[in-house]
Protein chains: 2
Amino acid sequence: MTTTEPRRKRMPKAQRKAQMLDIAEQVFAERGYLATSMDEIAERVGVSKPMLYEYFGSKEGLLIGCIHRARTELLDRTQQAVTGADGPEDVLREGLLAFFEFIGEHKQAWSLLRQEAAITVPSAVEEIEGIRRQQTDLIAAVIAAFDTDMDPTEAEAFAEIVVGSTERLALWCERRPDVGPAQATTYVMEVVWRGVATRLTPDQHP
Amino acid sequence: MTTTEPRRKRMPKAQRKAQMLDIAEQVFAERGYLATSMDEIAERVGVSKPMLYEYFGSKEGLLIGCIHRARTELLDRTQQAVTGADGPEDVLREGLLAFFEFIGEHKQAWSLLRQEAAITVPSAVEEIEGIRRQQTDLIAAVIAAFDTDMDPTEAEAFAEIVVGSTERLALWCERRPDVGPAQATTYVMEVVWRGVATRLTPDQHP
DNA sequence: GCAGGTAACTTACTTCGAGTAACCTACTGG
DNA sequence: CCAGTAGGTTACTCGAAGTAAGTTACCTGC
């Protein structure tokens, strides 16, 4: 009754690894990190537990793998979105829009990112925080480009504010399905861009 | 050699419970939720594990107890700070300052709050989110008081932006010990208050 | 000051899941 | 068709969450 082998066994390493990440992302997002067992992921992948350990070392390692991939994709998306944008305001708007669109399309990757707090190994925390920093650095750079005189610390603070606002608003959007990416972007821009623009425009903004 | 009994045994329930919360808060903050064992907390309290289960039901229940207490204290503090403030701008500033001061003084309660993501039981998530909502509602009310014509959804979004900015900036402050509560408040106010004020002032602001 | 009731507490388990050692097998090129 | 290895499995250990059943300090009335 097995017509052409329903599911292949013995995949090449890279492909198996990607498949594991797909399933783990899904299960972690569904159930939460704690409530998920390695046995369950293994079963859904169609493989035995030691394979997961072979490729990811530990449960936390697997979570880190998932988060790493998701954050990297997110960063790529926003970076792509801002290339070709016209001026700092546009960069910010396009970046925000790309972010809200991404998390709208990849809800499970997004709920995964909220499991970050579960990571305890310090080196891993830094690794994840490093990718996050790339995001804030990107924004800080936008500000710095806009106003070369701005205190770098202040630019950093501003970037943190943008990221914080945006992540929190994304969470809020889940409870408000009527608020889409465009609307969310508008909310952030209205407050945050006006905030910085007011501060700077008096002698600039041709 | 035991002069007047170094540590008393058999405390009244309420007192023991409070002591458990104190210790659990400390250990969870130190090691993280996952890396902490109930046996360890029990030992530090000077009591056996089933007592913890007697009072808190589960490990997660204990964490929820800690978070609940910490968020409630935080909310009280900010609420106290804003009573007697003069006008919305002042309310916001005093509230922010109280927040940053609180987390500066209670670093361990604050790192505890970041373990929220570990909670999996849906009812508990809602309970915690409920307290958080009180915070955002407080802010949304400030905005609504300032501009009675504002769309309520927009006021909510604004409140989320304030909370998100603030929490993220608080995290950032940990890596930047040179940035104190006053400075952090200024950063948030500069962006966020200007953001909303600009939007509203054209026809108001006597 | 001593019965006895109960609130506070303990010992000694069960269970479940992370992590691992040791062994196995399908596919590859020669 | 044989051998080497990448990909895979079975069957365990061990630590920590959670629990059943029993024990002891303390108070209260007599």
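The sequence lines fix the lettering, A, B, ..., with proteins before strands; numbering per chain opens at 1. Any value given below was found using the heavy atoms of this structure, including those in side chains, with hydrogens, waters and symmetry copies removed.
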Novice: A/Lys13 has an atom NZ; how far is it from atom C1' of C/dC27, in whole Å?
Specialist: 17 Å
Novice: Hey, which sits more toward the 5' end of DNA chain C by its nearest nucleotide, A/Gly57 or B/Ala14?
Specialist: B/Ala14
Novice: Could you give the CZ-to-C1' distance, from A/Arg16 to C/dA26, as a whole number of Å?
Specialist: 13 Å
Novice: Starting from C1' on C/dC9, measure out to CD on B/Glu54 and report it in whole angstrom.
Specialist: 9 Å
Novice: Indicate whether any N or O donor in one side chain lies under 3.5 Å from an N or O acceptor in the other, for B/Gln19 and B/Arg16.
Specialist: yes
Novice: Would you name the heavy atoms of A/Leu63 and A/Gln115 that are closest together and state the gap between them?
Specialist: CD2-O, 4.0 Å
Novice: Between A/Phe99 and A/Trp110, how do the two ring planes meet: parallel, tilted or perpendicular, split at 30° and 60°?
Specialist: perpendicular
Novice: Want to settle it: does A/Thr36 or B/Tyr55 sit nearer the 5' end of DNA chain C, counting the closest nucleotide to each?
Specialist: B/Tyr55
Novice: If you count heavy atoms of other groups shown closer than 6.0 angstrom to CG of B/Asp178, is the number above 12?
Specialist: yes
Novice: Specify the separation, in whole Å, of atom CD of B/Glu43 and atom P of C/dT10.
Specialist: 12 Å
Novice: Between B/Asp39 (CG) and C/dT14 (P), how many Å, whole number?
Specialist: 17 Å
Novice: I want to check a possible cation-pi pair here: B/Lys59 against B/Tyr53, using under 6.0 Å from ring centre and within 45° of the ring axis as the test.
Specialist: no
Novice: Quickly work out the B/Arg10 CZ to C/dG5 C1' distance and round it to whole Å.
Specialist: 13 Å
Novice: Just how far, in rounded Å, is C1' of C/dA8 from CD of B/Gln19?
Specialist: 13 Å
Novice: Any side-chain N or O of B/Ser48 under 4.0 Å from OP1/OP2 of C/dT10?
Specialist: yes
Novice: Quick check on C/dA18: is either OP1 or OP2 less than 4.0 Å from any side-chain nitrogen or oxygen of A/Lys59?
Specialist: yes
Novice: B/Met38 near the nucleic acid: base, sugar-phosphate alone, or nothing, with a heavy-atom cut-off under 4.0 Å?
Specialist: sugar-phosphate
Novice: Just to confirm, is there a sub-4.0 Å distance from OP1 or OP2 of C/dT20 to any side-chain nitrogen or oxygen of A/Tyr53?
Specialist: no
Novice: Is a donor-acceptor pair below 3.5 Å formed from side chain B/Lys49 to base D/dG18, judging by atom type as modelled?
Specialist: yes
Novice: Mind calculating the distance between CD (B/Glu40) and C1' (D/dG15) to the nearest angstrom?
Specialist: 14 Å
